[in-house]
Amino acid sequence: MTGSLAASQASSSTSLSSMGSIGQEKKSILRDTFGNPFELPDFTIKDIRDAIPAHCYERSYLRSYGYVARDLFLLATTFYIFHNYTPLIQSYPLRCAAWALYTFLQGLFATGIWVLAHECGHGAFSPSKFVNDITGWIMHSSLLVPYFSWKISHSKHHKGTGHMERDMVFVPKTRQQYISNVSMAANTLAELGEETPLVTALNLILQQLFGWPMYLITNATGHNCHERQSEGRGKGKRNGWFGGVNHFNLSSPLYENKHLHLILYSDIGLAIMGFLLYQGIQKWGFTNMLVWYFIPYLWVNHWLVAITFLQHTDPTLPHYYPEAWNFARGAAATIDREFGFIGRHLLHGIIETHVAHHYVSTIPFYNADEATEAIKKVMGKHYRSDTKDGPWGFLRAIWTSARWCNFVEECEGAEGEEKAVLFFRNRNGLGLAPKKDEDITAKERKETAVGKTGLVGLVDDSE
């Protein structure tokens with residue numbers, strides 16, 4: 001275990017996992033997966049906002065639409081080049097390789113469009129709500145994203161980041177939920193044994209291919225505490241197939257009655273795009289549409305899931321039950337990473353400036369680097385980033401996070417408020433060991449299997 005800790009602490013040059021002054025840290029019961037002490041953040045959202053220069057909040061129609069035009073130009077030019085010149089390649093294997101390159105490039109450029117629509121959803125694209133929404137609706141619908149439905153649930157994600165009962169994406173499983181998910185017959189970690197690398201790889205492939213549509217259709221990785229929905233929409237509804245929780249159903253508990261027309265607009269956008277794709281298949285054939293649109297679409301899914309997974313899953317990140325959560329703490333439970341030219345230019349910095357984005361999501365991406373530097377002075381040791389090895393480090397983190405971050409549990413000996421602070425643990429012998437099976441009481445097993453039901457009211461869940 002010592003070797004694993006040393007190797008992993010070297011994986012990041014700027015995150016808590018790499019701090020060399022651990023011996024000088026205040027003594028704390030809380031420990032992250034690397035074994036590093038953790039103290040609850042005590043700064044406020046006002047401290048964060050006051051630290052950010054006023055001009056960082058300024059949004060430009062011209063600049064934002066300039067990026068839209070650039071990304072559309074890249075998509076159109078790439079299609080023109082490959083469509084006209086790839087058939088001239090005589091070698092069939094080389095021709096296939098060229099079309100594979102096409103799908104990869106189009107996937108990157110289309111993800112850039114996805115990110116710009118994401119800016120629209122946050123009001124960071126322009127000062128006009130109407131311009132933001134019509135632009136975002138068109139761009140997201142073209143990528144089969146229900147714009148308004150996503151916008152509402154994504155807003156709730158920002159209002160409940162790191163909250164075990166309110167967050168909307170990559171809510172980790174508790175220890176007993178994880179055990180039950182892996183094996184219905186098992187009751188302890190010891191009965192499961194180590195997860196083989198092959199199983200990890202298969203799970204990641206499924207996550208990267210189907211994670212995004214599964215999120216939209218079944219609310220996969222979102223919270224499953226729908227009974228509390230104030231209008232009674234969540235009664236008897238659960239995540240999963242036919243559970244009544246998705247981004248398309250007008251009666252979904254993810255929304256309130258005031259959102260019904262917006263969900264309908266989202267569905268109309270998808271219907272229009274579905275009709276256009278059907279017409280494309282009828283005119284040019286399924287094989288052409290598969291290469292031109294659907295495989296690039298899978299690349300978009302991959303990048304979107306990878307980005308979101310790594311923004312919210314890391315051995316240094318805490319998660320909270322209601323008793324310890326507040327907005328400032330939740331927004332700090334995110335991490336910036338580095339993806340080089342692709343991340344900073346093609347994907348508009350969504351990977352590199354995510355922490356600042358969670359504090360003030362209306363700041364446009366082209367001002368986010370400056371805002372990030374400003375909030376570092378307030379956050380201090382609570383600002384997390386893992387930039388070691390740039391793009392390769394980012395890609396490697398998909399694997400390491402999957403291996404290190406199996407489930408969350410409270411720290412050994414935690415009392416009071418600290419019992420509501422959870423950290424990742426795993427069954428693979430990596431990092432700080434999880435609590436021993438014999439130390440988990442029957443009450444804790446029942447509690448973590450269904451999820452705690454603490455009071456939720458720190459921030460309104462509605463948009």
Side-chain angles (χ1 to χ4, degrees), residues 15 52 56-57 59-60 63-64 66-68 70-72 74-75 104-126 132 135-136 139-140 143 145 147 150-151 153-155 157-158 161 167-170 208 211-212 215 221 296-297 299-314 317 331-373 375 383-387 390-391 393-395 397-398 401:
S15 68
I52 299 173
C56 288
Y57 296 89
R59 297 156 290 178
S60 166
R63 194 165 182 182
S64 294
Y67 282 108
V68 173
R70 187 205 71 177
D71 287 355
L72 291 176
L74 290 172
L75 285 164
F104 173 75
L105 292 175
Q106 294 293 70
L108 285 175
F109 303 149
T111 304
I113 291 291
W114 199 104
V115 174
L116 293 175
H118 167 268
E119 292 275 295
C120 293
H122 281 293
F125 186 84
S126 81
N132 291 334
T135 305
M139 290 193 293
H140 260 176
L143 296 170
V145 178
Y147 171 73
W150 161 85
K151 175 185 174 181
S153 67
H154 191 66
S155 173
H157 158 59
H158 273 256
T161 306
D167 202 351
M168 298 296 297
V169 295
F170 284 106
Q208 297 308 119
W212 173 240
Y215 170 68
T221 82
Y297 168 79
W299 275 112
V300 174
N301 288 354
H302 159 72
W303 292 121
L304 175 60
V305 173
I307 291 166
T308 311
F309 174 60
L310 292 182
Q311 287 167 341
H312 301 285
T313 309
D314 186 80
L317 297 181
T334 58
I335 185 169
D336 289 340
R337 301 185 188 271
E338 178 63 52
F339 203 34
F341 176 84
I342 291 176
R344 292 191 172 275
H345 297 283
L346 299 184
L347 305 185
H348 307 296
I350 194 172
I351 294 168
E352 292 79 9
T353 59
H354 191 68
V355 177
H357 171 69
H358 259 277
Y359 278 109
V360 189
S361 57
T362 54
I363 291 177
F365 73 89
Y366 42 80
N367 293 332
D369 278 312
E370 185 176 356
T372 296
E373 291 305 313
I375 69 171
Y383 170 76
R384 291 170 178 77
S385 69
D386 187 349
T387 60
F394 175 82
L395 295 174
I398 299 174
S401 292

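Just so it is clear, the structure is predicted and the values come from calculations on it, not from any experiment.
- Asp167 and Thr161 share no side-chain donor-acceptor pair at under 3.5 Å.
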Q: Mind running side-chain contact (heavy atoms from CB on, under 4.5 Å) on Phe170 and Val305 for me, showing each step along the way?
A: CA-CA 10 Å; Phe170 284 106; Val305 173; 4.0 Å; yes
Q) side-chain contact (heavy atoms from CB on, under 4.5 Å) between Thr334 and Gln311: does it pass, once the steps are laid out? A) CA-CA 6 Å; Thr334 58; Gln311 287 167 341; 5.5 Å; no
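- With Trp114 as the fixed residue, the ring pair (Phe, Tyr, Trp, His ring centres under 6.0 Å) test singles out one of Trp150, Trp299, Tyr297, Tyr147: Trp150.
- Between Leu310 and Ser401, the shortest heavy-atom distance links the atoms CD2-OG, 3.7 Å.
- Donor-acceptor pairing under 3.5 Å is recorded for the side chains of His348 and Asp71.
- Expressed to the nearest 0.5 Å, how far CD of Glu119 lies from OG1 of Thr362 amounts to 10.0 Å.
- Contact annotation: the side chain of Ile307 never approaches that of His354 to less than 4.5 Å [non-hydrogen atoms, C-beta and beyond].
- Using a 4.5 Å heavy-atom threshold, the side chains of Asp336 and Glu352 count as separate.
- Among all heavy-atom pairs drawn from Asp369 and Arg344, the shortest one is OD1-NH1, 3.1 Å.
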Q: Could you go through the side chain to side chain donor-acceptor pair (under 3.5 Å) check for His357 and His122 one step at a time?
A: CA-CA 10 Å; His357 171 69; His122 281 293; 3.3 Å; yes
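- In this structure, the side chains of Ser153 and Tyr215 come closer than 4.5 Å at one or more pairs of heavy atoms.
- Residue Arg384 comes nearest to Ala332 through the heavy atom pair NH1-O, 3.5 Å, listed as atom of the first residue, atom of the second, then distance.
- Looking only at side-chain heavy atoms (C-beta outward), Val300 and Trp212 stay at 4.5 Å or farther from each other.
- In this structure, Trp303 CH2 and Ile342 CD1 are separated by 6.0 Å, a value rounded to the nearest 0.5 Å.
- By the 4.5 Å heavy-atom criterion applied to side chains, His118 and Met139 are not counted as neighbours.
- When all heavy atoms are compared, the tightest approach of Ala368 to Thr353 is CB-OG1, 3.4 Å.
- The distance from atom OH of Tyr67 to atom NE2 of His345, rounded to the nearest 0.5 Å, is 8.5 Å.
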Q) Going through the checks in order, is the side-chain contact (heavy atoms from CB on, under 4.5 Å) test met by Asp386 and Phe394? A) CA-CA 8 Å; Asp386 187 349; Phe394 175 82; over 6 Å; no
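- A 4.5 Å side-chain heavy-atom check between Thr221 and Phe309 finds every atom pair outside the cut-off.
- In this structure, the side chain of Arg59 engages the main chain of Gly123 through a donor-acceptor pair within 3.5 Å.
- Going from atom OH of Tyr366 over to atom SG of Cys56 covers 11.0 Å, rounded to the nearest 0.5 Å.
- When side chains are defined from C-beta on, His158 does not count as touching Met168, because their heavy atoms never get closer than 4.5 Å.
- Under a 3.5 Å cut-off, the side chain of Thr387 and the backbone N or O of Glu338 do not form any donor-acceptor pair.
- In this structure, Ala371 and Ile363 approach most closely via the heavy-atom pair CB-CD1, 3.9 Å.
- Distance CD1/Ile375 to CD1/Ile52: 6.0 Å, rounded to 0.5 Å.
- Using a 4.5 Å heavy-atom cutoff, the side chains of Thr111 and Leu304 are not in contact.
- Leu72 CG to Ile113 CD1: the interatomic distance, rounded to the nearest 0.5 Å, is 4.5 Å.
- Contact detail for Lys151 and Gly121: the closest heavy-atom pair is CE-O, 3.5 Å.
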